[in-house]
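Remarks on the structure that follows.
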Amino acid sequence: MAAWWALALTALVLTLNDGKAEADPVPLVIWHGMGDSCCNPFSMGAVKKMVETQIPGIYVLSLKIGNSIPEDMENSFFLNVNEQVEGVCKELAQNPALKNGYNSMGFSQGGQFLRAVAQRCPSPPMRNLISIGGQHQGVYGFPRCPGEISHMCDLIRKFLNLGAYTRDVQNHLVQAEYWHDPINEEEYRNGSIFLADINQERHVNESYKKNLQLLEKFVMVKFLNDTMVDPPDTEWFGFYKPGQSKETIRLQESSLYTEDRLGLKEMEKAGKLVFLGVEGNHLQFSQEWFNKNIIPFLH
């Protein structure tokens, strides 16, 4: 009889522990944008606090690319994106807090970088990908930059004008790696070492497609008054119609979608794509909007 009670008690404890584990919040991984850092109290630090306030007990990892805050900021301009993604994949795989899966949230260029993580590194599993102002079809223009780093933007423009798709520029300038020239599509397809790869422009990597489709939700936030990203439609995976730089087309009109090279058409049919719009300039949103529209995807 004593043995029976011991077995019953063990089973009860295991059940309670399982229930507790299931109730734990899903961890969150954040990747900041250009010129920002993991821990700026006015940007990613504030976002981390907002999430922790709304979801008590959540584990939030705000990615630092490098060994210091200044290095993190510099790397957002000058460290090869493929190296960044590879490093993040290793970091996530070695983090025991993420072994059962995590949600991800990328700000500006961090949005497409986390999509690369989803496509290239399915373990640990990414559940929801939230792209806030990400440029998924790249950019063709550099109209404005955050104030204190405007000198960096001037330098970047000079490099891009010299030749965005030259080997040296591609290897050492982050923004060139998602520079998408709609007037010279062939040059973009052949020269882009990052964006053309993750967007299946040269050939279809079936693992990229399969891995992206493992997402439960792919949320894309577009800033409806964006003056920093050109064109703003890239935040919803739209872009300029090939051959010119005035008329834009929606994702659903692009060959990427109609040929379903990345699985986005299938994902939309399955209800996995979410398109959100917010009034405001690039990365400008209220805490109220964030809590109402983003927090539900983090539970």
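Since this is a predicted model, take the numbers as computed values, not measurements.
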Fill in: Leu298-Val274 co-clustered via ILVMFWY side chain contacts under 4.5 Å
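Yes, same cluster.
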
Please report the interatomic distance [atom1]([X]) to [atom2]([Y]), rounded to the nearest 0.5 Å.
X	Y	atom1	atom2	value
Leu195	Ser192	CG	OG	5.0 Å
Leu251	Leu273	CG	CG	7.0 Å
Leu92	Leu61	CG	CG	6.5 Å
Leu224	Gln284	CG	CD	13.5 Å
Ile183	Ser245	CD1	OG	4.0 Å
Glu71	Asn67	CD	CG	5.0 Å

Discussion item. Would you call the rings of Phe275 and Trp236 parallel, tilted or perpendicular, taking 30° and 60° as the class edges?
Written reply: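 Perpendicular: the ring planes of Phe275 and Trp236 meet at over 60°.
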
Practice prompt. Check the angle between the aromatic planes of Phe218 and His136 and answer parallel, tilted or perpendicular using the 30° and 60° thresholds.
Written response: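 The arrangement is perpendicular - the two ring planes meet at more than 60°.
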
[X] and [Y]: side chain donor to acceptor below 3.5 Å:
X	Y	value
Asp197	Tyr208	yes
His282	Ser108	yes
Gln175	Gln109	yes
Asp168	Thr166	no
Tyr240	Asp230	yes

Worksheet entry | Lys48/Glu52 ion pair, N-O < 4.0 Å |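 A salt bridge is present here (some side-chain N lies under 4.0 Å from a carboxylate O).
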
Discussion item. What I want to find out is whether Glu186 reaches Arg189 closely enough, with some N-O distance under 4.0 Å, to be called a salt bridge.
Written reply: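 Salt bridge flag = yes for Arg189 with Glu186.
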
Item to complete: Please assess Asn100 against Arg127 for the test side chain to side chain donor-acceptor pair (under 3.5 Å), listing each intermediate value before the final yes or no.
Response: CA-CA 10 Å; Asn100 294 322; Arg127 298 189 184 183; over 6 Å; no

Considering only distance and modelled atom types, tabulate donor-acceptor pairs under 3.5 Å from the side chains of residues 77-89, sequence neighbours left out.
residue: Asn80; atom: OD1; partner: Asn82; partner atom: N; Å: 2.8
residue: Asn80; atom: OD1; partner: Glu83; partner atom: N; Å: 3.3
residue: Asn82; atom: OD1; partner: Arg120; partner atom: NH1; Å: 2.9
residue: Asn82; atom: OD1; partner: Arg120; partner atom: NH2; Å: 3.0
residue: Asn82; atom: ND2; partner: Ile193; partner atom: O; Å: 3.0
residue: Gln84; atom: NE2; partner: Asn75; partner atom: O; Å: 3.0
residue: Gln84; atom: NE2; partner: Leu79; partner atom: O; Å: 2.7

Worksheet item: Under 6.0 Å between the ring centres of Tyr140 and Trp179?
Response: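 For Tyr140 and Trp179, the ring centres are under 6.0 Å apart.
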
Practice prompt. State yes or no: are the ring centers of Phe194 and Phe113 separated by less than 6.0 Å?
Written response: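 So the answer is yes for these two rings.
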
Worksheet item: What residues form a side-chain contact (heavy atoms from CB on, under 4.5 Å) with Asn128, not counting sequence neighbours?
Response: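 Counting only residues at least two positions away or on another chain, Asn128 forms a side-chain contact (heavy atoms from CB on, under 4.5 Å) with Asn103, Glu216, Lys217, Phe297.
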
Practice prompt. Taking Gln119 for its side chain and Ile198 for its backbone only, find out whether a donor-acceptor pair lies under 3.5 Å.
Written response: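 Yes, Gln119 side chain to Ile198 backbone: donor-acceptor pair under 3.5 Å.
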
Practice prompt. For Arg250, enumerate each residue passing the side chain to side chain donor-acceptor pair (under 3.5 Å) test, keeping only those at least two apart in sequence or located in another chain.
Written response: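 Once residues adjacent in sequence are excluded, the partners of Arg250 under the side chain to side chain donor-acceptor pair (under 3.5 Å) criterion are Gln252.
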
Worksheet item: Heavy-atom count around Gln244 CD within 6.0 Å, excluding the residue itself: above 12?
Response: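 For Gln244, atom CD is crowded (more than 12 foreign heavy atoms under 6.0 Å).
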
Discussion item. Could you work out, with ring-ring contact (aromatic ring centres under 6.0 Å, His included) as the rule, every residue matching Tyr178, not counting sequence neighbours?
Written reply: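 None.
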
Practice prompt. For Phe239, enumerate each residue passing the ring-ring contact (aromatic ring centres under 6.0 Å, His included) test, keeping only those at least two apart in sequence or located in another chain.
Written response: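 In terms of ring-ring contact (aromatic ring centres under 6.0 Å, His included), with neighbours along the sequence ignored, Phe239 is linked to His180.
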
Discussion item. Any heavy-atom pair between the side chains of Ile69 and Asn40 that's under 4.5 Å?
Written reply: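 With C-beta onward as the side chain, the pair stays apart.
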
Practice prompt. Could you list the residues that satisfy salt bridge (Lys or Arg N to Asp or Glu O under 4.0 Å) with Lys209, not counting sequence neighbours?
Written response: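 By the salt bridge (Lys or Arg N to Asp or Glu O under 4.0 Å) rule, Lys209 matches no residue at all.
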
